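Read the structure below first, then the notes.
Quick note: numbers below take in every heavy atom, side chains included, and nothing from hydrogens, waters or symmetry partners. If you're wondering where the values come from, they're calculated on a predicted model, not measured in any experiment.
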Amino acid sequence: MKACIITLFELADSMEVAERAYQSALAHDLAPEKFPGVWRDDAAHELEVEGLKVGKFDETWSNTAAAMGNFIAQYRIWKLIAQNGPAIIMEHDAVVVAPIPDLEGKGDIINLGKPSFGKLRKPLNPGFYPLFSTGDKIPGAHGYYLTPAGAMALISMAKRKGAIPVDKFICPQRFQIAEYYPWPIEAHDTFTTIQKTKGCLSKHNYGPEYKIL
């Protein structure tokens with residue numbers, strides 16, 4: 001199974017944690033590859049290159065340009081998956097902590113990432129379920145599986161609705177989303193390039209040493 005790791009190659013912090021993500025994927029029999037993220041300064045231009053419009057962003061929670069850059073980076077991986085076959089998408093601070101279950105036939109969009117914010121909701125038994133950890137979005141976009149059919153659905157919606165924060169975009173109101181428990185991917189984040197302070201307060205890993213870049 002291929003694992004696509006979004007990496008800001010121009011940022012040393014991103015390069016460091018993306019290598020950790022890469023090694024964790026290797027250790028669990030995935031085939032990882034690092035893919036370029038889109039830095040906030042380039043986001044508006046790259047959005048235009050992709051022919052997408054700007055959707056709804058809330059500046060009180062996150063840096064709009066940074067969130068837009070993350071959307072573009074993931075959108076480009078969706079396009080590759082649509083052409084080349086299923087894969088797992090990981091953000092740079094994600095870590096594979098357990099073997100990935102057999103995902104074939106379990107859904108076109110499957111969240112594999114443990115929620116990195118808010119109160120944990122979890123089922124009593126291991127297995128695949130409809131999205132259960134949150135009610136209105138995936139619990140962060142740090143680890144999810146996508147088939148070509150799922151990728152095409154995301155791409156089609158993006159062309160209609162434009163770019164918004166990825167976790168809000170991939171929501172059960174728009175897509176059929178499955179989720180696996182126990183989560184085999186976790187966000188081991190010590191910094192963010194996207195959220196502002198208000199957007200970090202509910203993060204499980206937020207604390208005095210957490211960096212907002």
Side-chain angles (χ1 to χ4, degrees), residues 3-19 21 33-84 87-94 109 113 116-117 136-144 146 148 150-171 173-175 177 187 189-203 206 210-213:
C4 307
I5 302 167
I6 299 169
T7 308
L8 291 164
F9 290 109
E10 58 271 80
L11 185 67
D13 296 81
S14 179
M15 289 286 287
E16 181 179 352
V17 296
E19 180 60 24
E33 184 177 347
K34 296 173 187 174
F35 285 81
V38 176
W39 185 243
R40 60 174 70 110
D41 295 347
D42 305 318
H45 171 71
E46 296 302 326
L47 193 72
E48 186 177 346
V49 169
E50 293 297 336
L52 299 176
K53 63 184 180 181
V54 179
K56 186 177 181 180
F57 291 89
D58 186 345
E59 271 285 342
T60 62
W61 297 90
S62 61
N63 180 293
T64 292
M68 194 160 58
N70 186 37
F71 187 94
I72 299 161
Q74 301 216 24
Y75 178 81
R76 287 173 172 168
I77 295 175
W78 301 343
K79 293 200 296 183
L80 291 174
I81 290 173
Q83 296 174 350
N84 300 322
I88 293 170
I89 299 177
M90 298 170 58
E91 294 180 330
H92 55 191
D93 52 15
I109 305 172
S116 59
F117 56 86
D136 60 347
K137 60 183 178 180
I138 60 169
H142 48 278
Y144 62 99
L146 200 58
M152 288 300 297
L154 296 182
I155 292 166
S156 176
M157 186 66 70
K159 288 179 178 178
R160 289 168 50 201
K161 299 293 186 179
I164 65 171
V166 178
D167 58 346
K168 292 184 177 180
F169 179 83
I170 305 177
C171 66
Q173 291 77 19
R174 291 174 171 164
F175 310 103
I177 304 169
D189 51 319
T190 57
F191 69 91
T192 180
T193 61
I194 297 176
Q195 283 83 26
K196 295 182 178 179
T197 300
K198 184 177 180 181
C200 291
L201 295 178
S202 65
K203 283 178 174 283
Y206 183 65
Y210 198 93
K211 295 190 293 185
I212 298 175
L213 303 180

| query | Taking all non-hydrogen atoms of both residues, which atom of A43 and which atom of A65 are closest, and how far apart? | reply | CB-O, 3.3 Å
| task | State which residues pass side chain to side chain donor-acceptor pair (under 3.5 Å) with E16; sequence neighbours excluded, sorted by chain then number. | result | none
| request: With the side chain counted from C-beta on, respond yes when R76 and V49 share a heavy-atom pair under 4.5 Å apart, and no when they do not. | output: yes
| request: Taking T192 for its side chain and I194 for its backbone only, find out whether a donor-acceptor pair lies under 3.5 Å. | output: yes
| message | Using the rule given for side chain to side chain contact (heavy atoms under 4.5 Å, CB included), can you reason through I81 versus I89, listing the C-alpha separation, both sets of side-chain angles and the distance that settles it, and then say yes or no? | response | CA-CA 10 Å; I81 290 173; I89 299 177; 4.0 Å; yes
| query | Within the side chain of D42, is there an N or O that forms a donor-acceptor pair under 3.5 Å with the backbone of V38? | reply | no
| Between T193 and A66, what is the shortest heavy-atom contact and its length? | O-CB, 3.1 Å
| query | Say you draw a straight line from CD of E59 to CG of N63; how long is it, rounded to the nearest 0.5 Å? | reply | 5.5 Å
| request: Work out which heavy atom in M90 is nearest to a heavy atom in A3; give both atom names and the distance. | output: SD-CB, 4.1 Å
| task | Locate the shortest heavy-atom distance separating D136 from C171; write the atom from each residue and the value. | result | O-CB, 3.1 Å
| field | Passing option when Y210 is tested against T190, T197, D189 for side chain to side chain donor-acceptor pair (under 3.5 Å) | value | D189
| task | Determine the interplanar angle of the F71 and Y75 rings, folded into 0 to 90°, and report it as parallel if under 30°, tilted if 30 to 60°, perpendicular if over 60°. | result | parallel
| Smallest separation among heavy atoms of L8 and M15, with atom names | O-CG, 4.0 Å
| request: Using a 4.5 Å cut-off on heavy atoms from C-beta on, say whether the side chain of K168 contacts that of K56. | output: no
| request: Taking side chain to side chain donor-acceptor pair (under 3.5 Å) as the test, write out the residues that go with S14, two or more places apart. | output: H92
| Rounded distance [0.5 Å steps], CZ in F175 versus CD1 in I109 | 5.5 Å
Please table the atom pairs, donor to acceptor, closer than 3.5 Å between any side-chain atom in residues 154-165 and protein atoms at least two apart or in another chain.
none

| remark: Interatomic distance, CD1@I77 vs CD1@I88, rounded to 0.5 Å, equals 12.5 Å
| request: Apply side chain to side chain donor-acceptor pair (under 3.5 Å) to Y144 and Q74, showing your working. | output: CA-CA 11 Å; Y144 62 99; Q74 301 216 24; 2.5 Å; yes
| query | What is the minimum heavy-atom distance between S116 and H142, and which atoms define it? | reply | OG-CE1, 4.0 Å
